[in-house]
Protein chains: 2
Amino acid sequence: MSIMKEALKTFEEHLKLNKMRMTQERRQLFSLVMSLKTHFNSEEVLEKIKKKNLQVSRATVYRVLPVLVKANLIQQSLLQEGQAHFEVKWNKDHHDHLICSVCNKIIEFKDNTIEILQREIATKYGFYLEDHVMELVGKCKTCKKN
Amino acid sequence: MSIMKEALKTFEEHLKLNKMRMTQERRQLFSLVMSLKTHFNSEEVLEKIKKKNLQVSRATVYRVLPVLVKANLIQQSLLQEGQAHFEVKWNKDHHDHLICSVCNKIIEFKDNTIEILQREIATKYGFYLEDHVMELVGKCKTCKKN
DNA sequence: CACCTTATTGAGACTAAATCTCAATAAAAA
DNA sequence: TTTTTATTGAGATTTAGTCTCAATAAGGTG
Ligand SMILES: [Zn+2]
Ligand SMILES: [Zn+2]
Ligand SMILES: [Zn+2]
Ligand SMILES: [Zn+2]
């Protein structure tokens with residue numbers, strides 16, 4: 001079976017499992033999105049829909065992309081979650097974050113081995129490294145129990 | 001010299017260096033923000049301003065926070081940059097990203113050692129790890145030259 | 001197939017975060 | 001003190017995304 005048919009089957013099974021229906025709009029979004037070779041955002045999907053004269057509304061795009069994420073067919077970058085957020089840097093060492101997906105608790109940590117590996121990766125690809133984000137998301141000790 | 005005075009001096013030097021002026025509003029924001037012990041966002045700063053009856057407008061808050069970032073006094077999480085962004089996951093292995101801050105080129109990579117270390121960190125803090133972001137930001141080979 | 005229940009859709013109103021506009025103000029240099 | 005020009009605040013605007021609700025259409029059942 002072709003990769004695309006398998007993916008479609010996954011989608012259909014996910015829908016059935018969640019008492020959701022396969023619609024024209026979802027089929028069209030599936031085909032369009034799964035054919036994309038690069039990163040994309042919702043507005044770009046919307047533009048492609050208009051270029052191809054497909055009949056799918058903005059609201060539906062914003063509704064279906066999260067379904068494709070849940071079905072494990074696409075992934076959403078964790079970058080861009082809520083509003084811009086800051087912390088004082090002055091006089092503080094660099095650190096990265098563990099974030100609880102339930103209670104939003106933030107734990108700061110630093111792992112020197114990872115920091116070194118990150119620099120090696122940048123070098124390997126010819127990048128001059130300016131900054132990085134590393135955020136580990138999961139359930140904290142407390143929220144894991146419930 | 002106290003830590004705060006040093007930080008203030010850094011701020012003042014940054015302003016002078018960029019032909020910017022020290023104002024009442026900037027002084028007040030500096031004090032308020034530098035005293036924060038945790039993560040915060042722009043609206044929270046605005047609320048604190050109102051509670052303290054300080055005279056600083058929303059527009060100014062949104063204008064000054066990036067100045068403090070440029071002066072290296074606070075840092076902005078790279079999480080939350082522009083609009084939500086996706087990529088096809090089906091049939092693709094997990095990977096992380098190198099992003100060029102000039103031309104926005106995205107290079108995908110995976111480092112197994114880092115992946116393992118991330119799981120160890122989660123375990124150490126009692127987290128059940130669900131996901132992670134690691135984005136290395138810098139200047140790519142091409143943009144480095146210019 | 002025809003019927004019925006209910007999930008889904010689209011248009012446009014709405015929201016939240018952030019940015020922009022522009023006249024009035026106030027640093028700070030002369 | 002005068003002059004120059006960076007900065008400010010109020011509110012309009014933009015952008016990304018969500019919500020509402022009547023109309024539609026899946027798809028299960030007989
Ligand atoms: Zn780090
Ligand atoms: Zn938690
Ligand atoms: Zn990874
Ligand atoms: Zn580049």
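A, B, ... follow the sequence lines: proteins, then strands. Residue 1 opens every chain.
- Put simply, CZ on B/R58 is 18 Å from C1' on D/dT7, counting in whole angstrom units.
- For the pair B/L65 CG and D/dT7 P, the computed distance is 15 Å after rounding to whole Å.
- Computed from coordinates, the A/M20 CE to D/dG27 P distance equals 12 Å when rounded to whole Å.
- Side-chain N or O atoms of B/T123 include one that pairs as donor or acceptor with a backbone N or O of B/R119 at under 3.5 Å.
- Nearer the 5' end of DNA chain C, as judged by each residue's closest nucleotide, is the contact made by B/Y62, out of B/Y62 and B/Q24.
- The shortest heavy-atom contact between A/V56 and A/I49 is O-CG2, 3.8 Å.
- Between A/K16 and B/T23, the residue anchored closer to the 5' end of DNA chain D is B/T23, taking for each the nucleotide with the nearest heavy atom.
- Side-chain atoms of B/K139 never come within 3.5 Å of backbone atoms of B/C100 as a donor-acceptor pair (strictly under, hydrogens ignored).
- Across the protein-nucleic acid pair, B/L46 atom CG and C/dA16 atom P stand 14 Å apart, rounded to whole Å.
- B/E13 places no side-chain N or O within donor-acceptor distance of the main-chain N or O of B/T10, the cut-off being under 3.5 Å.
- Per the geometry, CD belonging to B/E25 stands 6 Å off C1' belonging to D/dT8, to the nearest Å.
- Atom CG of A/L136 and atom CG of A/D111 lie 9.5 Å apart (nearest 0.5 Å).
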Give every pair of a protein N or O atom and an N or O atom of nucleotides 19-21 of chain D that lie under 3.5 Å apart, one pair per line with the distance.
none

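- Taking atom CD on B/E43 and atom C1' on C/dA18, their separation rounds to 9 Å, with Å as the unit.
- Nearest to the side-chain atoms of B/S57 among the listed nucleotides D/dA10, C/dA18, C/dT9 stands D/dA10.
- Taking each heavy atom of B/H95 and B/K110 in turn, the nearest pair found is CA-CB, 4.5 Å.
- In this structure, the CG atom of A/L15 is 19 Å from the P atom of C/dT6, given to the nearest Å.
- The distance from atom CG of A/L29 to atom C1' of C/dT8 is 13 Å, rounded to the nearest whole Å.
- Ring geometry, A/H132 versus A/H94: the interplanar angle exceeds 60°, so the pair is classed perpendicular (tilted spans 30 to 60°).
- A donor-acceptor contact under 3.5 Å links the side chain of B/R21 to the base of D/dT5.
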